[in-house]
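Read through the structure below, which is laid out as structure tokens, and then see the notes.
Quick note: numbers below take in every heavy atom, side chains included, and nothing from hydrogens, waters or symmetry partners.
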Amino acid sequence: MNAGHVYVHVPFCVRRCTYCDFSIAVRRRVPVAEYLEALAAERDRSAPPAPPATLYLGGGTPSLVGGEGVARIASLFGVREADEFTVEANPDDVTADSARAWVRAGVTRLSVGAQSFDDRVLAWMHRTHDADAARRAVREARDAGFDDISIDLIFALPGSLERSWSHDLEEALALQPD
């Protein structure tokens with residue numbers, strides 16, 4: 001029996017983006033071991049008796065805990081039995097090695113946080129990547145074996161940016177997200 005659906009917030013980021021109002025901690029060094037210890041303690045206090053049908057790691061930037069950290073979270077929640085295991089990733093964090101590690105950890109869907117394909121808009125948002133990095137991240141994820149990739153885009157930015165929503169959608173769809 002599956003216990004339902006679990007969202008795990010991974011609160012670490014390398015910088016705060018302009019639009020962000022989530023609970024995050026900007027750190028030079030991500031305290032992965034300490035976070036995983038605290039997460040295990042919380043899970044022991046409140047986890048359902050059976051593995052979840054879905055596990056979603058959001059943030060913040062879940063990809064900052066690395067392949068081993070994602071694997072440990074998967075183990076904590078019995079993800080091998082989950083129907084879906086999603087991890088949000090910033091394009092900077094998606095490499096051939098990291099993507100393969102996430103696949104080995106049981107991640108079934110990678111959510112790539114492109115936000116926009118306009119470098120000027122990405123700079124305004126204080127994103128750490130450019131449009132080419134977002135495209136590369138999707139290719140790296142596909143090459144690593146991901147069959148399910150989503151692409152996050154931000155909607156309703158200030159008009160003064162003169163951002164083209166249509167252009168961002170066309171760029172995202174050209175990458176053939178699932």
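Residues satisfying the salt bridge (Lys or Arg N to Asp or Glu O under 4.0 Å) criterion with Asp130, sequence neighbours excluded, are absent altogether. Under the ring-ring contact (aromatic ring centres under 6.0 Å, His included) criterion, Tyr35 pairs with Phe12, not counting sequence neighbours. Glu140 pairs by the salt bridge (Lys or Arg N to Asp or Glu O under 4.0 Å) definition with nothing, not counting sequence neighbours. For Ala172, the side chain to side chain contact (heavy atoms under 4.5 Å, CB included) test picks out Phe117, Ile151, Leu153, with sequence neighbours left out. A search for side-chain hydrogen bond (donor to acceptor under 3.5 Å, both in side chains) contacts involving Asp132 returns Arg135, not counting sequence neighbours. Every residue two or more places apart in sequence or in another chain was checked for a side chain to side chain contact (heavy atoms under 4.5 Å, CB included) with Ser75, and none qualifies. Ile154 pairs by the side chain to side chain contact (heavy atoms under 4.5 Å, CB included) definition with Tyr19, Gln115, Met125, Leu157, not counting sequence neighbours. The salt bridge (Lys or Arg N to Asp or Glu O under 4.0 Å) test applied to Arg139 returns no partner, not counting sequence neighbours. Under the rule for a salt bridge (Lys or Arg N to Asp or Glu O under 4.0 Å), Arg136 has no partner lying at least two apart in sequence or in another chain.
Tyr56 and Glu88 form a side-chain donor-acceptor contact under 3.5 Å, judged by distance and modelled atom types alone.
Classification of Glu34 and Arg29 as a salt-bridged pair holds, one side-chain N sitting under 4.0 Å from a carboxylate O. Using a cutoff of 4.0 Å between basic side-chain nitrogens and carboxylate oxygens, Arg127 and Asp119 are not scored as salt-bridged.
A donor-acceptor pair under 3.5 Å is formed between the side chain of Thr108 and the backbone N or O of Phe85. Within the 3.5 Å criterion, the main-chain N or O of Asp118 finds no donor-acceptor partner in the side chain of His167.
Counting only residues at least two apart or on different chains, the ring pair (Phe, Tyr, Trp, His ring centres under 6.0 Å) pairs with a member in residues 135-157 are Phe155-Trp165. The salt bridge (Lys or Arg N to Asp or Glu O under 4.0 Å) contacts involving residues 145-164 comprise Arg163-Asp168, where partners must be two or more places apart or lie in separate chains.
Side-chain contact between Val94 and Pro91 is absent, with no heavy-atom pair separated by less than 4.5 Å. Proximity of Val8 to Phe77: side-chain heavy atoms (C-beta onward) are separated by under 4.5 Å at one or more points. Ser150 has its side chain within reach of Arg109: a pair of non-hydrogen atoms, C-beta onward, lies under 4.5 Å apart.
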With a 3.5 Å cut-off and sequence neighbours excluded, list the donor-acceptor pairs that the side chains of residues 96-107 form with protein atoms.
| residue | atom | partner | partner atom | Å |
| --- | --- | --- | --- | --- |
| Asp97 | OD1 | Arg100 | NH2 | 2.6 |
| Ser98 | OG | Asp93 | O | 2.8 |
| Ser98 | OG | Thr95 | N | 2.8 |
| Ser98 | OG | Thr95 | O | 3.2 |
| Ser98 | OG | Thr95 | OG1 | 3.1 |

